[in-house]
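Following: one structure in structure tokens, then a few remarks.
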Amino acid sequence: MRVLGIESSCDETAAALVTEEGEVLADVVASQIATHGPYGGIVPELASRAHMQAIIPVIREALSDVPGGLEGVDAIAVTQGPGLVGSLLVGVQVAKALAWSLDKPLVGVNHLDGHLFAIYLQRQDQGEPAPVPTMPYVGLLVSGGHTALYRVEGFSDIALLAQTRDDAAGEAFDKAAKLLGLGYPGGPVIDQLAARGQADAFSFPLPMASRKTLDFSFSGLKTALVRHVQQAGVPEGEQQLADLCASFQGVIVESLVRKSVLACQREGIDQLVITGGVAANRGLRARAKVACDENGIALFVPPPISCTDNAAMIAMAGVHRLTDGERADLSFAVYSRDPDRRRGKFRADGTLVEHKPE
Ligand code: KG4
Ligand code: ZN
């Protein structure tokens, strides 16, 4: 089965063609960074308009090298949520129109499932097929809108273990970069600067340091950076700026890695997948490798191109549901927030007492 994936939840318009085995036959992403860059963040109305302009050319390009073009598509998977409603509607309406006119099966996919299953994509330019995890695994999803830990049991069986109480990690990177005058998006530029800096040059408090909770929090760290800049100003020297970025990034990375290892230990699982845009961060990838090796955990991180938003991951998350015969009714609606997946018994501080599979 060849599944056309369509993604338009945020600021990337994307289309891809993926086989049942996860082989990526085509993968096109049109980024809106140039549109939103001057505003230091995503402007929803501009995002919807840019999706409208890009969606048909992006789908055409994705199918241009595929024998049979649209006729070679067996089914369609589209991001249904969470995301910006105006943006989601563009992809969903086009997907519905294609599914109806071609009489092909369609499923709506949760964008976060896409990130969690991106690890199963096999890209031709990757060389040797990368090792993949077996289920269950612990998934750390770190993106611009979400930071959460999941227990992934199956393609339709994902339980939320913990999440951020305020800002997402990517949001913290983006806000810090804006404050430091480094442009948007902040993650890649802070990543680059941090690689040349000393992570112990400035001291920032480690958020949610207690081992009692798996939850994250990044707004206090952001405030600490704001205070630092108010008192000391934005560093003028390049090395000092690199040191500040390394120190800031180091605290985010440490928090993400500690909670991920703790989640594996609590769940009795020895496989960790790190995914989402922030998983492209070199500091996070390196630190997670060391911590996983120390704790006997096998680490799986998709290549950076599969970590940031793309449509191949949406096709991947939909393919098993489609092969199982699932078909969406064409009247389905989009959703802006992730539906509550928390299940089992939780203590007041959010820690899991007992995992209860449905
Ligand atoms: O997954 P993604 O492309 O979109 C969302 O679903 O949010 O993630 C985008 C986020 C942005 O906040 C961006 O700054 C961050 O991922 N990001 C990074 C890196 N590349 C992208 N953060 C840290 N280091 C990177 N190399
Ligand atoms: Zn995303």
Side-chain angles (χ1 to χ4, degrees), residues 82 112-113 115-116 136-153 157-173 175-176 199 203-227 247-279 281 283-285 287-292 294-297 299-301 337-358:
L112 307 181
D113 291 8
H115 279 301
L116 287 168
Y137 59 81
V138 168
L140 169 67
L141 197 167
V142 255
S143 70
H146 297 88
T147 296
L149 282 160
Y150 298 90
R151 180 183 173 105
V152 181
E153 297 269 353
D157 189 0
I158 302 170
L160 177 70
L161 300 174
Q163 59 189 326
T164 178
R165 295 188 180 177
D166 39 58
D167 292 353
E171 198 178 347
F173 274 107
K175 286 178 177 168
S203 133
F204 292 110
L206 182 70
M208 311 295 279
S210 160
R211 283 178 62 86
K212 284 196 185 138
T213 177
L214 290 174
D215 284 0
F216 303 97
S217 166
F218 297 107
S219 76
L221 176 63
K222 178 188 65 190
T223 307
L225 182 69
V226 169
R227 285 220 190 89
S247 305
F248 180 78
Q249 175 178 296
V251 172
I252 295 179
V253 164
E254 198 53 37
S255 170
L256 294 173
V257 171
R258 280 198 197 186
K259 298 294 178 191
S260 300
V261 169
L262 188 57
C264 288
Q265 290 167 341
R266 282 202 193 166
E267 293 294 312
I269 290 178
D270 62 359
Q271 296 178 104
L272 173 67
V273 170
I274 306 186
T275 184
V278 180
N281 186 275
L284 174 60
R285 295 168 89 96
R287 177 74 190 98
K289 180 82 184 84
V290 171
C292 284
E294 279 170 8
N295 289 281
I297 297 166
L299 174 67
F300 302 87
V301 193
R337 295 179 70 88
D338 193 32
D340 191 3
R341 308 174 189 232
R342 197 166 275 235
R343 55 184 207 222
K345 271 164 65 186
F346 288 82
R347 298 185 188 91
D349 67 359
T351 55
L352 189 70
V353 176
E354 183 191 343
H355 176 68
K356 268 195 191 159
E358 269 162 3

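Remember, it's a predicted structure, so these values are computed and weren't measured experimentally. Just so it is clear, the values below take in all heavy atoms, side chains as well, and ignore hydrogens, waters and symmetry mates.
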Quick one, [X] and [Y] - any side-chain contact, counting heavy atoms below 4.5 Å?
X	Y	value
Phe218	Glu171	no
Val142	Phe216	no
Leu206	Ser255	yes

Minimum heavy-atom distance between [X] and [Y], given as atom pair plus value:
X	Y	result
Leu161	Ala263	CD1-CB, 4.4 Å
Pro205	Val251	O-CG1, 3.5 Å
Asp215	Ala162	OD1-CB, 3.3 Å
Leu284	Val278	CD2-O, 3.7 Å
Gly139	Leu116	CA-CD2, 3.9 Å
Arg285	Ala279	NH1-O, 2.8 Å

Hey, what do you get for [atom1] ([X]) to [atom2] ([Y]), rounding to the nearest 0.5 Å?
X	Y	atom1	atom2	result
Thr223	Lys175	OG1	NZ	9.0 Å
Arg211	Leu214	CZ	CG	9.5 Å
Leu160	Asp338	CG	CG	7.5 Å
Leu141	Leu256	CG	CG	11.0 Å
Tyr150	Gln163	OH	CD	6.5 Å

Item to check | Partner of Leu299 by side chain to side chain contact (heavy atoms under 4.5 Å, CB included), out of Ile274, Val290, Val273 | outcome: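 Option passing the side chain to side chain contact (heavy atoms under 4.5 Å, CB included) with Leu299: Ile274.
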
Apply side-chain contact (heavy atoms from CB on, under 4.5 Å) to [X] and list each qualifying residue two or more places apart in sequence or on a separate chain.
X	answer
Gln249	Phe173, Ile190, Asp191, Ala194, Val253, Asn281
Ala291	Val257, Val261, Arg287
Arg337	none

Next on the checklist: Lys259: which residues meet the side chain to side chain donor-acceptor pair (under 3.5 Å) condition with it, sequence neighbours left out?
Outcome noted: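 Listed in chain order: nothing, the list is empty.
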
Checklist entry - Can you name the side chain to side chain donor-acceptor pair (under 3.5 Å) partners of Asp166, sequence neighbours left out? => result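 Testing Asp166 for side chain to side chain donor-acceptor pair (under 3.5 Å), a comparison that skips the adjacent residues, returns Ser217, Ser219.
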
Item to check | Arg266 vs Leu149, side-chain contact (heavy atoms from CB on, under 4.5 Å): CA-CA, chis, key distance, verdict | outcome: CA-CA 12 Å; Arg266 282 202 193 166; Leu149 282 160; over 6 Å; no

Checklist entry - Listed by chain and number, what are the salt bridge (charged side-chain N to carboxylate O under 4.0 Å, His left out) partners of Arg258, not counting sequence neighbours? => result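 Per chain and number, Arg258 pairs via salt bridge (charged side-chain N to carboxylate O under 4.0 Å, His left out) with Glu254.
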
Next on the checklist: Applying side-chain contact (heavy atoms from CB on, under 4.5 Å) to Leu272 and Cys292, what does each step give before you reach the verdict?
Outcome noted: CA-CA 8 Å; Leu272 173 67; Cys292 284; 3.8 Å; yes

Item to check | Selection residues 139-149 - residue pairs positive for side-chain hydrogen bond (donor to acceptor under 3.5 Å, both in side chains), sequence neighbours left out | outcome: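 Qualifying pairs: none.
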
